Amino acid sequence: MLNDFTFAFIKPNAVKNSNIGPILSMINKAGFRISAMKMIHLTISQAESFYAVHGEKPFFRDLVKFMSSGPVVAMILCCDNAVEEFRKLIGETDPARAGEGTIRKLFATSLQMNAVHGSDSNENAIKEAAFFFSEFERYYS
Ligand code: UDP
Ligand code: MG
């Protein structure tokens, strides 16, 4: 089904720490199909747009700086109930509160550098996928 996808990226800390492979492996083992993927180094203004919803938060400036500090690996991931299932796989935003065996528990280096992003709703998955990928780069399956 078209809506059964989510948008995700591996954040700069996990890319720098050579954790792309282990994270992709966990994503595949959890039953997600990777239907689009690319490595991209966001500019400050692209990171500001992506996280615009957090524009008024005290952590926004530092988050934008971090998110543009190195490349991310952006993906569209498909499986039934993808948004919810992926949020379960990554665990809570704060790695100290993330469950055992979740991606954030295993690979986060701080609350900010929490290794991965996952969309929080179908509506945002659609918007975020379109932010990173053009129509011809997407392979829903
Ligand atoms: N973040 C932060 N400080 C905070 C809360 C969040 O640096 O106090 C960062 C963290 O990288 C998080 C991102 O901002 O993943 C977006 O925050 P959100 O609340 O949307 O969490 P998420 O949806 O990523 O779990
Ligand atoms: Mg969020």
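Basis for what follows: all heavy atoms, side chains included, without hydrogens, waters or symmetry-related copies. All figures in this text were calculated on a predicted structure; none of them were measured in a lab. We count ligands from 1, going down the list as the structure has it; atoms in each ligand are counted the same way.
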Checklist outcome for this item: Quick look: M67 vs ligand 1, heavy-atom contacts under 4.0 Å, and the answer is neither
Checklist entry - Which atoms of ligand 1 have any heavy atom of R87 under 4.0 Å away? => result 22 (P), 23 (O), 25 (O)
Checklist entry - When you measure from atom 16 (C) of ligand 1 to every protein heavy atom, which one gives the shortest distance, and what is it? => result H54 NE2, 3.6 Å
Item to check | S49 and Q46 side chains, donor-acceptor separation under 3.5 Å | outcome: no
Checklist outcome for this item: Ranked by distance from atom 5 (C) of ligand 1, the top protein heavy atom is F59 CE2, 3.5 Å
Checklist outcome for this item: L89 and I27 have their tightest heavy-atom pair at CD2-CA, 4.1 Å
Item to check | Selected option - heavy-atom contact closest to atom 22 (P) of ligand 1, from I90, T93, N13 | outcome: T93
Item to check | Distance from atom 11 (O) of ligand 1 to nearest protein heavy atom, with residue and atom | outcome: Q112 O, 2.8 Å
Next on the checklist: Any atom of ligand 1 sitting under 4.0 Å from a heavy atom of K57?
Outcome noted: no
Checklist entry - Are any of the side-chain nitrogens in E137 or K38 under 4.0 Å away from the carboxylate oxygens of its partner? => result yes
Next on the checklist: For the residue pair T109 / N13, report whether a side-chain donor-acceptor contact shorter than 3.5 Å exists.
Outcome noted: yes
Next on the checklist: Within ligand 1, which atoms have a heavy atom of K11 less than 4.0 Å away?
Outcome noted: 10 (C), 11 (O), 12 (C), 15 (O)
Checklist outcome for this item: Heavy atoms of F5 and C78 approach each other most closely as CB-SG, 4.0 Å
Checklist entry - Of the non-hydrogen atoms in I10 and M75, which two are nearest, and what is the gap between them? => result CG1-CE, 3.7 Å
Checklist entry - Hey, which atoms in ligand 1 end up nearer than 4.0 Å to a heavy atom of N114? => result 10 (C), 11 (O), 12 (C), 15 (O)
Checklist entry - Using 4.0 Å as the upper bound for N to carboxylate O, is an ion pair formed by K65 and E48? => result no
Checklist outcome for this item: The residue among Y51, F9, F50 that forms ring pair (Phe, Tyr, Trp, His ring centres under 6.0 Å) with F131 is F50
Item to check | Those atoms of ligand 1 less than 4.0 Å from some heavy atom in L111 | outcome: 3 (N), 4 (C), 8 (O), 10 (C), 11 (O)
Next on the checklist: Yes or no: does L63 have any heavy atom under 4.0 Å from an atom of ligand 1?
Outcome noted: yes
Checklist entry - Among protein heavy atoms, which sits nearest to atom 24 (O) of ligand 1, and what does the distance come to when rounded to 0.1 Å? => result R104 NH2, 3.0 Å
